[in-house]
Amino acid sequence: MFAYLVRRLALSLLTLVLITFIVYGLIRSMPGSPLTQDLGSLDPGKVMSEEDFQRVLKTYGLDKPWYESYGIWMKNILSGEFGRSFSRKREVSALIAERLGPTLLLSITSLLLTYLLSIPIGISAAARSGKLDERTVSTVLYILYSFPSFVAALFLQLFLAVRWGWLPLCYMTSDNYSELSWAGKAMDIFWHALMPVICFTYGSLAYYSRFIKSNMNEVVRQDYIRTAKAKGLGPVRVLVLHAFRNTMIPFVTQLGLMLPALFSGAIIIEQIFVWPGMGGLFFDAVRERDYPTIMGLTLMFSVLTLLGQLLADVLYAVADPRVRLENK
Amino acid sequence: MAPSDITAELKHLKKSPGFWKETWSRFRKRKLAVTALLFVILMGLAGLFSPAIVGAKPVVCYYKGHYYFPAMGYYNPTWENPVFNRDKFRKRYPVNLKEKDPNSWAIWPLVYQDPVRRIFENEWPGRAGNPTSEDGIPSWLRKPSEETPSQLLPAINLFGTTSNGIDVFAQMVHGTRSALMIGFVSMGIAGAIGILVGALAGYFGGWVDAVLSRAIEVVMCIPTLVLILALLAIVSRPTIWHMMAVIGATGWTGIARLTRAEFLRLKQSDFVAAAQVLGVSRFRIIFRHILPNALAPVLVPITFGIASAILIESGLRFLSFGPEGPSWGSLLKEGRSNYEMWWLIVFPGLGIFSAVLAYNLIGEGLQEATDPRLRDGGRD
């Protein structure tokens with residue numbers, strides 16, 4: 001186990017270096033630089049002189065070829081420095097920390113909802129397989145699964161916010177947020193978060209319900225289920241204790257793969273709801289050519305993805321004693 | 001038995017159905033998947049013949065003794081004969097054709113509307129111009145208003161118009177072309193890369209596998225939209241072809257992993273060993289012996305990939321990160337700044353949804369037709 005972990009971590013480190021190197025090369029070859037993007041929006045009277053331009057380039061470390069800058073960036077990362085954002089004049093780590101809360105609020109709520117709802121839906125769908133009510137629920141779930149979340153976001157806004165006026169259209173807080181009491185603030189965020197959470201949840205809810213149902217359908221054909229039924233256990237006991245416990249194995253490994261999605265947010269959904277999350281930060285960083293922020297986020301996403309894959313494999317071995325990590 | 005008897009007997013044996021034929025016969029049994037396939041074919045035809053369905057240029061016209069096909073200009077602006085530009089048509093065909101050559105005739109698209117500009121009053125003789133902004137509600141929902149002047153027939157806008165008075169139906173039909181083309185071409189690229197990488201990694205194993213698996217992991221780790229935005233930002237004016245290339249270059253990892261697994265499995269089989277003993281070249285074994293047998297399961301992630309490519313395309317256009325031109329995503333973008341004009345969100349939204357749903361259903365049908373666990377009595 002230990003040797004396996006060390007080998008996996010070493011390989012992940014190599015992958016990480018490769019990813020950051022490639023992304024750094026990519027973003028440095030985008031046309032425009034953080035400076036020219038700035039100049040475009042400023043009034044033409046403020047165009048920098050050539051010496052000024054070179055001086056600013058130097059302070060940003062952009063006067064060197066990109067692979068040298070990459071080396072400098074790498075050195076800073078190793079000493080724990082993410083660097084300062086060009087366009088926002090702040091530490092990248094502070095920027096990320098600021099955006100993390102709103103993103104986690106949505107993603108963790110939606111993860112909990114997904115698990116809480118999809119397990120009973122999946123089990124009951126497997127129990128009533130082939131009956132009319134199960135078919136209706138399954139069809140609805142399939143339609144939801146295919147419904148693009150950003151289209152759903154627009155539909156929700158159109159009906160719930162604009163037509164019927166039940167929910168606020170966008171943003172995380174109301175204008176008078178700072179005047180509200182503690183409970184008022186919580187309720188305010190709750191109302192604003194409702195539509196984004198629905199958009200984040202329904203797709204994965206549909207996916208996991210189907211996932212559990214199809215796994216259950218496979219498990220209930222096994223001999224040990226027949227044994228359990230034969231010795232006179234009730235249907236609930238058979239389904240929940242005997243069958244569902246075994247469908248947990250693929251389900252648990254999915255947890256690891258969800259790790260990066262928890263932190264990454266969603267660019268389009270956040271854009272639609274003007275939610276101050278990670279997706280929006282990344283989108284703005286790409287548009288503003290804010291290299292340190294893009295690199296900081298890329299590093300974070302890739303670390304999480306690699307960790308998630310490792311976690312999935314380890315969880316798989318923990319949940320299923322037949323799996324040996326060393327053999328993989 | 002003498003060897004000649006055996007060959008004679010072998011000739012009499014009924015040939016067992018090939019993998020493809022078997023897959024198709026299983027796929028055909030699933031009504032929903034076949035319906036979805038028909039829907040996709042229909043959508044493909046609508047996209048292919050979009051200039052003949054809705055447009056403001058004649059499909060065929062006879063003008064000053066020659067035949068022309070101005071509607072081809074919707075595919076590529078240079079395919080529209082410059083003679084109309086020289087004769088100062090200014091894109092107003094119906095009136096100008098009659099005016100400049102009384103003997104001319106033309107075959108028009110089914111609906112006279114344009115995907116990129118507003119239709120004006122009397123442009124089609126006797127028909128009103130397209131309404132703008134909030135009057136642009138779908139024409140079958142418009143109330144017959146008293147103020148409609150004179151004898152003009154009302155404009156026909158099946159799905160309404162945008163705030164500039166451009167017909168939504170025309171944009172959606174022409175948008176089908178780019179959505180489907182991006183879906184197919186980008187997944188063609190992704191399929192080619194994925195199958196090649198997966199085949200090489202799976203067949204050769206060893207260090208080739210180690211290097212290629214690392215490459216797969218690297219591309220998989222970078223969030224797709226992140227990679228696409230970064231790659232698209234490199235070209236300052238992305239065209240539809242850039243978009244296809246970028247979506248294709250990022251979407252091949254799933255295909256590569258599946259191909260690799262199939263190759264790992266198939267290279268152990270007897271027919272590969274037989275081919276190797278016969279001295280067939282590696283290239284031939286990979287592409288002629290193993291690949292045809294590995295292809296059907298690989299079609300599943302490709303089909304799902306087309307659905308996600310269509311989603312990515314509309315998402316990118318929604319974020320204004322794509323090229324100009326009519327598309328479902330850009331309609332949604334306009335709808336987002338005019339929530340009162342619900343038809344800008346509802347119709348393109350349902351269009352994207354039905355395309356994605358159809359591809360998912362086909363993918364699922366294929367999965368059940370090719371996966372041995374699901375196909376042999378696996379269904380309840």
Side-chain angles (χ1 to χ4, degrees), chain A residues 11-12 14-16 18-23 26-27 29-32 126 129-130 142-143 145-155 157-159 161-163 169 214 217-218 220-221 260-261 264 266-268 271-272 279 282-283 286-287 289 294 297-298 301-306 308-309, chain B residues 32 210 213-223 225-227 229-237 307-308 310-312 314-316 318-319 321 328-329 332-333 335-336 339-342 344-346 348-361 364 373-374 377-380:
Chain A
L11 270 181
S12 300
L14 180 71
T15 312
L16 213 56
L18 268 174
I19 292 172
T20 48
F21 188 69
I22 290 171
V23 172
L26 273 180
I27 57 174
S29 46
M30 290 187 208
S129 185
Y142 197 82
I143 290 173
Y145 170 66
S146 296
F147 209 96
S149 62
F150 75 103
V151 174
L154 291 170
F155 275 36
Q157 280 191 328
L158 183 62
F159 289 101
V162 176
R163 291 233 133 184
L169 183 64
S214 61
N217 278 340
E218 219 162 280
V220 291
R221 274 193 295 273
S264 65
I267 292 179
I268 301 179
Q271 206 72 13
I272 291 177
F282 182 83
F283 188 65
V286 169
R287 275 196 306 196
R289 305 285 187 267
I294 301 178
L297 288 171
T298 308
F301 293 150
S302 356
V303 167
L304 287 170
T305 311
L306 290 168
Q309 284 172 352
Chain B
L32 216 51
S213 294
R214 206 100 325 251
I216 296 173
E217 201 176 59
V218 167
V219 178
M220 255 177 59
C221 272
I222 310 174
L225 211 52
V226 168
L227 194 56
L229 287 181
L231 283 173
L232 265 188
I234 291 177
V235 273
S236 41
R237 285 187 144 272
S308 72
I310 291 176
L311 269 183
I312 292 173
S314 49
L316 285 175
F318 180 76
L319 294 173
F321 245 89
W328 300 342
L332 286 177
K333 180 179 71 184
R336 195 181 166 243
Y339 281 109
E340 293 309 314
M341 300 164 72
W342 54 267
L344 292 181
I345 291 177
V346 171
L350 290 179
I352 297 173
F353 163 61
S354 50
V356 172
L357 179 66
Y359 276 106
N360 280 349
L361 285 172
E364 190 130 320
R373 280 189 314 149
L374 290 170
R379 296 289 304 167
D380 43 292

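Here is how names work: the chains are called A, B, and so on, in the same order as the sequence lines, proteins then strands, and each is numbered from 1.
Considering every non-hydrogen atom in both B/Leu357 and A/Ser146, the closest pair reads CD1-OG, 3.3 Å. Scanning all heavy atoms of the two residues, the minimum distance from A/Leu18 to B/Arg214 falls at CD1-CG, 4.3 Å. Nearest approach of B/Tyr339 to A/Leu158, heavy atoms of both residues: O-CD1, 3.2 Å.
Of all the listed residues (A/Ile143, A/Leu297, A/Leu304, A/Thr298), the one sharing the greatest number of non-hydrogen pairs under 4.5 Å with chain B is A/Ile143. Most heavy-atom pairs under 4.5 Å with chain B, from the set A/Val23, A/Ile267, A/Ile294: that is A/Ile267. When each of B/Leu311, B/Leu232, B/Leu319, B/Val356 is checked for heavy-atom pairs under 4.5 Å with chain A, B/Leu319 comes out on top. When each of A/Pro148, A/Ala152, A/Ser302 is scored by its heavy-atom pairs under 4.5 Å with chain B, the top score falls to A/Pro148.
Here the straight-line distance linking atom CG of B/Leu350 with atom CZ of A/Phe147 works out to 6.0 Å at 0.5 Å rounding. With values rounded to the nearest 0.5 angstrom, A/Gln309 atom CD is found 4.5 Å from B/Met220 atom CE.
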Determine, step by step, whether B/Asn360 and A/Tyr142 satisfy the side-chain contact (heavy atoms from CB on, under 4.5 Å) criterion, reporting the C-alpha distance in whole Å, the side-chain angles of both residues, the deciding distance to 0.1 Å, and the verdict. CA-CA 9 Å; B/Asn360 280 349; A/Tyr142 197 82; 3.4 Å; yes

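Contacts of A/Phe150 classified as ring-ring contact (aromatic ring centres under 6.0 Å, His included), with partners at least two apart in sequence or in another chain: B/Phe318. Here A/Phe301 pairs with nothing under the ring-ring contact (aromatic ring centres under 6.0 Å, His included) rule; sequence neighbours left out.
Looking at B/Ser354, neither its backbone nor its side chain comes within 4.5 Å of chain A, counting heavy atoms on both sides. Neither the backbone nor the side chain of A/Leu16 comes within contact range of chain B; no heavy atom of the residue lies under 4.5 Å from a heavy atom of that chain. Contact of B/Val219 with chain A is not made at all, since no heavy-atom distance falls under 4.5 Å. Using a 4.5 Å cut-off between heavy atoms, B/Phe321 touches chain A through its side chain atoms alone.
Contact annotation: the side chain of A/Val151 never approaches that of B/Phe353 to less than 4.5 Å [non-hydrogen atoms, C-beta and beyond]. Residues A/Ile272 and B/Arg336 are in side-chain contact: their nearest non-hydrogen atoms beyond the backbone lie under 4.5 Å apart.
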